[in-house]
Amino acid sequence: MRLAILQCPAAGGDRSAAEARLTEALTAAGKAGCDLLHAPELMLPGYNCPETHDREARSFDEMCSDLARMASASGCGVVTGWVERDGDTLYNVATAVSAEGAVLAHHRKCMLFGDMERAGFARGTGAPCRFDYRGRRFGLLICYEIEFPELARDLARSGAEVMLVPTANPAGFEHVQRILLPARANENRAFVAYANFCGTENGMTYSGRSLLAGPDGETIMAAGQAPALLIGELPQIGDYPQDVLSIQAQDLDEMQRG
């Protein structure tokens, strides 16, 4: 499994610019032999642009058709954030689409962060969002949700070994990348991939520092604060020392029984 993580400036509500950036990254990832491209939260049409979210929202069928076309053309699957319209209600969502254009998973953010999100989006509900793709077991969380140990643990209990987290983490919250993401990976014996924006969007500066953390809590690949397309092989859980993983597995089993 070859994974690409996109870190780019947010489009500020310019949907054409956002689609161009996503298409460019998908094309590059496909040429590099990647199986999956992981893009930020509300990639389409941007995060800190609430005045455009209602105008640029798409229905599930409409957006999935566009993503399927983009993925199929590039030969690379995609996970990205966008604004979903369901009747009169808007959701902050992430969707996974295979390289063949099949919808793999769809997650509506349940833990909304800040006044902008709570005013503009409804809270998602439902079971942990897990999907299988090319022999690996994935789970979806969006930004703030990875900061809650219970949500990551629910995904781990459902069988997810790789947690994909589209995010729009601003500057000043770098402790998430530095401390919380490695902790979530280590305590759940999982990989955590975090795709963030960089630069500034309508007065909000993003922290960048997109990364992939392994089950041992160590960083496998990471970006700085500039635009980047991280590409690397996703290791197997079996590549890690079994004595450490087996102890954690026993502890998890005891918690589930309790």
Side-chain angles (χ1 to χ4, degrees), residues 1-32 34-49 53 56 58 63-64 66-84 91-99 101 103-109 129 131 133 138-146 162-169 177 181 191-199 201 206-212 221-223 225-232 234:
M1 168 66 69
R2 195 163 176 82
L3 178 68
I5 300 175
L6 173 62
Q7 178 171 291
C8 64
D14 185 341
R15 187 177 188 86
S16 295
E19 288 182 348
R21 288 172 188 168
L22 186 59
T23 298
E24 181 181 20
L26 268 169
T27 300
K31 289 181 178 179
C34 293
D35 298 281
L36 188 65
L37 171 74
H38 175 26
E41 177 182 14
L42 296 180
M43 177 76 192
L44 304 165
Y47 180 82
N48 193 37
C49 48
H53 287 162
E56 299 295 348
R58 297 291 189 269
M63 189 69 240
C64 288
D66 287 347
L67 291 177
R69 172 182 48 79
M70 295 166 70
S72 297
S74 68
C76 180
V78 63
V79 170
T80 191
W82 55 285
V83 182
E84 179 190 6
Y91 293 95
N92 179 341
V93 303
T95 301
V97 175
S98 75
V103 177
L104 301 169
H106 183 66
H107 173 59
R108 291 172 170 174
K109 189 175 184 179
C129 187
F131 65 96
Y133 183 53
F138 292 90
L140 281 179
L141 293 172
I142 300 175
C143 196
Y144 190 41
E145 294 176 330
I146 194 62
V162 187
M163 300 181 192
L164 302 173
V165 188
T167 189
N169 192 39
Q177 293 99 314
L181 300 182
F191 299 94
V192 176
Y194 196 70
N196 195 20
F197 290 120
C198 60
E201 179 191 36
Y206 296 101
S207 61
R209 303 179 188 272
S210 300
L211 60 86
L212 174 65
M221 56 182 180
Q225 294 175 295
L229 183 64
L230 301 175
I231 295 177
L234 183 63

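Start at 1 with the first residue, then count along the sequence.
Annotation for Ala168 and Cys143: closest pair N-SG, 3.7 Å, computed over non-hydrogen atoms. For Met163 against Ile146, the heavy-atom pair with the smallest separation is SD-CD1, 4.3 Å. Contact record, Ile5 with Ala193: CD1-CB, 4.0 Å, taken as the closest heavy-atom pair. The shortest non-hydrogen separation linking Leu42 to Phe197 is O-CZ, 4.0 Å. Smallest separation of non-hydrogen atoms from Asn196 and Gly208: ND2-O, 3.0 Å. Shown here for Leu26 and Cys76, the closest heavy-atom pair between the two residues is CD2-O, 3.6 Å.
The SG atom of Cys198 sits 13.0 Å away from the CG atom of Asn169 when rounded to the nearest 0.5 Å. Distance check: Gln177 CD to Tyr194 OH gives 5.0 Å after rounding to the nearest 0.5 Å. Here CD of Glu84 is found 14.0 Å from NE2 of His53. Values are rounded to the nearest 0.5 Å. Between Leu230 atom CG and Leu212 atom CG the span is 8.5 Å, to the nearest 0.5 Å. Note that NE2 of His38 and CG of Leu6 are 10.0 Å apart. Values are rounded to the nearest 0.5 Å. Here CE of Met63 is found 11.0 Å from NE2 of His106. Values are rounded to the nearest 0.5 Å.
Within the 4.5 Å cutoff, no side-chain heavy atoms of Glu56 are placed close to those of Leu44. Considering only heavy atoms from C-beta on, Leu141 stays 4.5 Å or farther from Val192 through its side chain. Contact annotation: the side chain of Thr80 never approaches that of Pro166 to less than 4.5 Å [non-hydrogen atoms, C-beta and beyond]. With a 4.5 Å cut-off on side-chain heavy atoms, Arg209 and Gln225 count as touching.
Each of Leu164, Ile142, Val93, Thr95 was evaluated against His107; a single residue qualifies, Ile142, per the side chain to side chain contact (heavy atoms under 4.5 Å, CB included) test.
Ion pairing between a basic and an acidic side chain is recognised when a charged N comes within 4.0 Å of a carboxylate O; Glu19 and Arg21 show no such pairing.
Qualifying side-chain contact (heavy atoms from CB on, under 4.5 Å) partners for Thr23, counting only residues two or more places apart in sequence or in other chains: Thr27, Met70.
Ring geometry, Phe131 versus Phe138: the interplanar angle falls under 30°, so the pair is classed parallel (tilted spans 30 to 60°).
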Legend entry - Check against side-chain contact (heavy atoms from CB on, under 4.5 Å), Leu67 and Val103: CA-CA 9 Å; Leu67 291 177; Val103 177; over 6 Å; no
Legend entry - Pair Tyr206-Glu201, side chain to side chain donor-acceptor pair (under 3.5 Å): steps then yes or no: CA-CA 8 Å; Tyr206 296 101; Glu201 179 191 36; 2.4 Å; yes
